[in-house]
Chemist: 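The structure under discussion is supplied below as structure tokens; questions concerning it will follow.
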Amino acid sequence: MFPKRFKHKDVQEKWIQYWKNNNTFQFELQRKGALFTIDTPPPFVSGTLHLGHVLNHSWIDFVARYHKMKGNNVYFPQGFDCHGLPVELAVEKNYGISKDNREQFLEKCVEWVEDNIRNMRSQFDDLAYSTDWNYTYRTMDDSYKYKVQKSLLFFYKRGWLYREKFPTHFCVNCETSVAKAEVGYQEEEGKLWYIKLPIAGHEEETVTIATTRPEMMESCVGVFVHPNDDRYYHLSAAEIKLPIAERIVRIRADKDVDMNFGTGVVYCCTYGDELDIRWKMKYDLDEIQLFTTDGRLNENSKYQGLTIEDAREKIVQDLKKMGLLERIETHEHSIIVHSERSSCRKPIEYLPVYQWFINIKDFTKEIIEAGESMEWYPEKHKQRLIDWAEGLDWNWVISRQRVFGTPIPFWYCEDCGEIIPANEDDLPLDPVQNDPPLKKCPHCKSEKTLPEKDVCDCWIDSSITPLAISKWLEDEEFFEKTYMKARVHRPQGYEIIRTWLFYTLFRCKKLTGKAPFAETMINGMVAGPDSRKMSKSFGNIVSPDEVMPEFGADAIRQWAAMGSLGDDYPFEYTWINIHTKQPISNEKIQKEKSQLPKDKFEKKYRRRYEQLTAASRFNTKVWNAYRFLFINSDKINISKIDYDSGELTSIETFFFSEFNQVVEKVSNYFNNYNWHEAFMLLRSFFWNELCDNYIEAIKYRFYSENEESQRLALAHALNLFYQMLKILSIIIPFISEEIHSIIFKKFTKLDSIYKIKWPEPYPQLDSNKVREGELAIKIIKNLRSLKSEHGIPLNQEIEKVVLISPNHKDDFTKEIIEDIKNTIRINQLQIEDKGDKTLISNSNVFKEKIEEINVIIYFFA
RNA sequence: GGGAGUGUGGUCUAAAUAGCGAGGAUACUCGGCUAACAUCCGAGAGGAUGAAGGUGCAAAUCCUUCCACUCCUACCA
């Protein structure tokens, strides 16, 4: 049976279940074919995939299916990135458990993550994502942590992992240090305070600084002016007596001072910003730490206990009382905030705290080399990696003062600070819960040890994904085959080139000696229809759940295929009025949305997704084409769809030959991950050639009295459409699988189209037949248009057609004359090599010239 | 503030080292046919390639400036 309609919902459910029950996507290491490993991006376990994931992972699935069909042994696992602040925040919020209650807290984190993964996995399945779930990983698993910790010991032994006190981006709200990659800048209206600082020795004389951070007065360790600033030339070696702190600091000249900002005088506080850090290092200034990790003033301050904000107000008041506050200005500036992987967005402070670092600055050259050694699709994004590597000025802070993460496997001696690394054999472990390998400090013999409570930065976890999936340290043969000797493909978005790709290149190269990737495929960001990023505040978010039920995965994958490599890709829709079907402007919609109640709004307006509409139509066309072939072949007994090239008609030979060319072009597009062009070609070939011309031209034989002709026409058509279906299955797997099971399974004896190889070109096609077939199709096309133009029903028989063909008369074989006659329904078809004036004497004759092949048509209606 | 990327009909995209009237697809509108089809046939509307200049016989393509979006980076205390 071939249902009349393609019901994507039922079909999807059926095949998801089937693929799962039959382990269709199972990977086998021993299978023949060169190993092609795909190091897929593990999505953060937010609980739901967004359209960006859909784009990215649809492409990845195309890659996997294509390379598999081409004969590679494709290793295609999919993992999940579990650790991170958002998990902790969610657990704190949803369960009300504090992270101080460590054990219970961690338990809940795992629970929350597992819930989320369940949902995300089923979203992947809904996409027909052909990953083998037996090889999935979660960064929170013990086996994963084992590898991460082992890699840390590896780095430690070589001196690339070290612990040091260093002013670090620190979020006093989340109480954690954050990587440079996790901070952002936010425009904010602030104030600029002008404060008079008395000159030491001449206290009646003052110099005025402008600052946005008056509360840092007590941590001031120097005052700076520009060396060329004449206004302050006389002060160049003077000293300042700091108010409140009552300390003396020197004035220095440094060209990093901006003369045009404020008064041209600036104080250096440890630590207000990155410049302060640089000056502190450069002039070996003192370090005065003023803040606690929870954002209060510490014992070094007279304002101990106050929050930073309160202290600011208090100090300003005090300065005012002392008569040292000159004036206050409002000031637009961007402040550095905790922005990524967190919704915190609170200001960042620089706190000198003990942190674990990985030396990365010394290896940027190697990283760039590893990047250069890969093929980039598209090439242009390579620059992002190089720019980032070359501009790097700090080492990588890898420790996070959080709970839910991979523990850093070290202890310290409380007395002398000696570091005690874990025994490799004891990994994975959590130093907070496990005892150190030594009873006594190897340095001072003290018995007091402290565990490292910090956990790793998430990028430490995710920067060894190629090793995790290849069973590094776990299964030597597997590792050799899927990493060392495999062609490893890395698909990802351009926004994480400087993080995920950068760190992976570095770590894997160092750990294995081999740069991890042979190639990388870069996708852009999915934007809203206004080509701005999807964001709540723009009201342009579309979730996959909104469109999947209506259109199905095969339509959404077509949308993904229409995007272009490396560029941003909007998800298009238009608001329309449901009743008039007229598009509504954005402004109007925003207005209506705010004015109408939700249910009324939804009754009146909805989104129209043009691209998905088109995709659905193509699905329907595909469905009906195969259905038509099925219905006809079902009437007679087709026992095989193999063919004998001698039995092919000219028209058939022509289309087989066209197909060969299409396969070659599509291969080329796929090899370059140019999904857009590949799919456009497939669609138009399928629709405009195979359906409109090929089927139309052989259709009459389906109804023929001649059983042999009927049988051959169907067998040949089924063969060609089967080859076509193989290719289509890369983009639209559900519908292809369904059609395969209905029509082709009995011929292929395969339970899934997934197991089929890429089509071989049809061999030994007779070039004469190709030429004749092409001629026939051109004539048929023109005759059909002619009929239509003159309002003659396509099924109405035409009395007579005369073709004048000076060049091709001999190509009109008996066979193609029959084809033309029967396809167009011509009673009498006459071929001449030259015209005859008597032909046009009849008044009911239309004349038409086909320039391309120099044929004149006389059409007797 | 700086850097990078992008900007082509409503939409997605093509135009090799610049070369004929900016092509295709899709969506939309109108008319017609229909013996698989929501198909098919025919027609229409819609862009002078973000803006302005410049160099060329010739520019979507090269140069300058500006604008918008995206990503990255930053020292304006």
Side-chain angles (χ1 to χ4, degrees), chain A residues 2 4-5 180-181 184-185 192-193 209-213 216 224 256-269 272-279 331 333-334 336 378 380-381 383-384 386-388 391 393 493-499 524-525 527 529-533 559 561-564 566-570 572-574 581-583 608-611 613-632 674 676-677 679-681 683-684 687-688 691-692 695-696 699-700 702-703 781 784-796 825:
Chain A
F2 205 119
K4 195 157 167 55
R5 292 281 153 92
K180 247 182 151 178
Y185 294 82
L192 195 56
W193 284 271
I209 58 151
T211 179
T212 56
R213 303 292 307 268
M216 299 201 77
F224 286 83
D256 280 340
V257 175
D258 182 350
M259 291 196 281
N260 301 318
F261 186 86
T263 60
V265 189
V266 55
Y267 69 176
C268 169
C269 306
D273 57 39
E274 285 186 35
L275 184 58
D276 290 344
I277 298 169
R278 206 172 310 157
W279 277 339
H331 175 57
H333 62 149
S334 54
I336 183 167
K380 68 181 178 196
H381 284 304
Q383 205 54 38
R384 285 179 189 258
I386 294 171
D387 288 349
W388 172 254
D393 47 354
Y494 63 69
E495 87 284 12
I496 47 176
I497 286 174
R498 70 198 176 108
T499 46
M525 305 294 108
D530 46 5
S531 84
R532 290 191 300 182
K533 62 181 168 197
W559 163 78
M562 292 300 278
S564 74
D567 290 329
D568 291 351
Y569 186 40
E572 181 58 28
Y573 60 79
T574 316
K581 299 259 167 80
Q582 289 304 304
R608 185 173 67 192
Y609 304 95
E610 276 94 352
Q611 293 196 67
T613 304
S616 301
R617 287 182 189 167
F618 181 62
N619 286 339
T620 305
K621 186 67 192 178
V622 168
W623 185 255
N624 285 320
Y626 285 95
R627 181 166 177 269
F628 181 59
L629 293 181
F630 174 81
I631 288 170
N632 284 291
N674 186 346
H676 182 91
E677 292 300 321
F679 184 63
M680 294 261 288
L681 177 58
R683 185 175 55 191
S684 69
W687 200 321
N688 306 125
C691 292
D692 295 350
I695 292 189
E696 288 300 324
K699 194 157 123 179
Y700 78 92
F702 296 174
Y703 316 117
K781 250 194 218 171
R784 191 179 314 119
S785 302
L786 225 50
K787 247 177 138 173
S788 188
E789 271 168 42
H790 295 291
I792 305 163
L794 288 181
N795 60 346
Q796 185 180 309
R825 306 199 136 220

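Numbered from 1 within each chain, the chains take letters A, B, ... in sequence-line order.
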Chemist: Quick one: the side chain of Glu696(A) and the base of A36(B), do they pair up donor-acceptor inside 3.5 Å?
Modeler: yes
Chemist: For Asp692(A) and A36(B), give me the distance from atom CG to atom P, rounded to whole Å.
Modeler: 14 Å
Chemist: Does Arg617(A) place a side-chain N or O at less than 4.0 Å from the phosphate oxygens OP1/OP2 of C28(B)?
Modeler: yes
Chemist: Counting only side-chain heavy atoms from C-beta out, which of A38(B), C72(B), A25(B) sits nearest to Met680(A)?
Modeler: A25(B)
Chemist: Apply side-chain contact (heavy atoms from CB on, under 4.5 Å) to the pair Arg213(A) and Cys269(A), showing each step before the final yes or no.
Modeler: CA-CA 9 Å; Arg213(A) 303 292 307 268; Cys269(A) 306; over 6 Å; no
Chemist: Taking only side-chain N and O atoms of Ser564(A), does any of them lie within less than 4.0 angstrom of OP1 or OP2 on U13(B)?
Modeler: yes
Chemist: Please give, in whole Å, the distance from C40(B) P to Lys781(A) NZ?
Modeler: 13 Å
Chemist: Using the side-chain contact (heavy atoms from CB on, under 4.5 Å) rule, take Tyr494(A) and Asp568(A) through it: C-alpha gap first, then chi angles, then the decisive distance, then the call.
Modeler: CA-CA 10 Å; Tyr494(A) 63 69; Asp568(A) 291 351; 2.6 Å; yes
Chemist: How would you label the glycosidic angle of G50(B): syn (within 90° of 0) or anti?
Modeler: anti
Chemist: Taking the side chain of Glu610(A) as its heavy atoms from C-beta onward, which of A27(B), C40(B), C12(B) lies nearest to it?
Modeler: A27(B)
Chemist: Measure OH/Tyr609(A) against C1'/U26(B) and give the value in whole Å, please.
Modeler: 18 Å
Chemist: Could you tell me whether the phosphate oxygens of A38(B), OP1 or OP2, come under 4.0 Å of any side-chain nitrogen or oxygen in Lys621(A)?
Modeler: no
Chemist: Indicate yes or no: at least one non-hydrogen side-chain atom of Ile497(A) is less than 4.5 angstrom from one of Trp388(A).
Modeler: no
Chemist: Quick one: pull up CD in Glu495(A) and CZ in Arg384(A) and give me the separation to the nearest 0.5 Å.
Modeler: 9.0 Å
Chemist: Expressed in angstrom and rounded to an integer, what is the separation of Asn624(A) atom CG from U34(B) atom P?
Modeler: 19 Å
Chemist: Counting any heavy atom closer than 4.0 Å, what does Gln383(A) reach on the DNA or RNA strands: base, sugar-phosphate only, or nothing?
Modeler: nothing
Chemist: Starting at atom CH2 of Trp687(A), determine the distance to atom C1' of G24(B), rounded to an integer number of angstrom.
Modeler: 15 Å
Chemist: Return the value, rounded to whole Å, for the distance between atom CD of Glu677(A) and atom P of U26(B).
Modeler: 14 Å
Chemist: Of Asp276(A) and Gly566(A), whose closest RNA chain B nucleotide lies nearer the 5' terminus?
Modeler: Gly566(A)
Chemist: Identify whether any heavy atom of Tyr569(A) sits under 4.0 Å from a base atom; if not, whether one sits that close to sugar-phosphate; answer base, sugar-phosphate or nothing.
Modeler: sugar-phosphate
Chemist: Given Watson-Crick or G-U pairs with both distances under 3.5 Å, what dot-bracket string fits RNA chain B, with | for other-strand pairs and [ ] for crossing?
Modeler: (((((((..((((.....[...)))).(((((.......))))).....(((((..]....))))))))))))....
Chemist: Checking one value: the base orientation of A25(B), syn if chi is within 90 degrees of 0, otherwise anti.
Modeler: anti
Chemist: Does any part of the side chain of Tyr703(A), heavy atoms only, come nearer than 4.5 Å to the side chain of Asn632(A), both counted from C-beta?
Modeler: yes
Chemist: Give me the distances for all protein-to-nucleotides 69-71 of chain B N/O pairs that come in under 3.5 Å?
Modeler:
| residue | atom | partner | partner atom | Å |
| --- | --- | --- | --- | --- |
| C69(B) | O2' | Ser531(A) | O | 2.7 |
| U70(B) | O2' | Tyr494(A) | OH | 2.6 |
| U70(B) | O2' | Asp568(A) | OD2 | 3.1 |
| C71(B) | O2' | Arg384(A) | NH1 | 3.0 |

Chemist: Using modelled atom types only, decide if a donor and an acceptor are shared between the side chain of His676(A) and the backbone of Gly563(A) within a distance under 3.5 Å.
Modeler: no
Chemist: Can you check the Met562(A) CE to C12(B) C1' distance for me, whole Å?
Modeler: 5 Å
Chemist: Go through U26(B), A36(B), A38(B) for me and flag the one nearest to the Arg627(A) side chain.
Modeler: A36(B)
Chemist: How many Å lie between CG on Leu629(A) and P on C37(B), as a whole number?
Modeler: 14 Å
Chemist: Between Tyr703(A) and A36(B), does any side-chain N or O lie under 4.0 Å from OP1 or OP2?
Modeler: yes
Chemist: Do the side-chain N or O atoms of Trp193(A) get closer than 4.0 angstrom to the phosphate oxygens (OP1, OP2) of A77(B)?
Modeler: no
Chemist: Just checking Ala527(A): base, sugar-phosphate only, or nothing, at a heavy-atom cut-off of under 4.0 Å?
Modeler: nothing
Chemist: Choose from A36(B), A77(B), A27(B) the nucleotide whose nearest atom is closest to any side-chain atom of Phe628(A).
Modeler: A36(B)
Chemist: Sequence neighbours left out, what passes ring-ring contact (aromatic ring centres under 6.0 Å, His included) with Trp559(A)? Give chain and number order.
Modeler: Tyr569(A), Phe571(A)
Chemist: Is the backbone N or O of Ile209(A) less than 3.5 Å from a side-chain atom of Trp193(A), with the two atoms forming a donor-acceptor pair by type?
Modeler: no
Chemist: Under 4.0 angstrom, heavy atoms only, what part of the nucleic acid is Lys380(A) near: base, sugar-phosphate, or nothing?
Modeler: sugar-phosphate
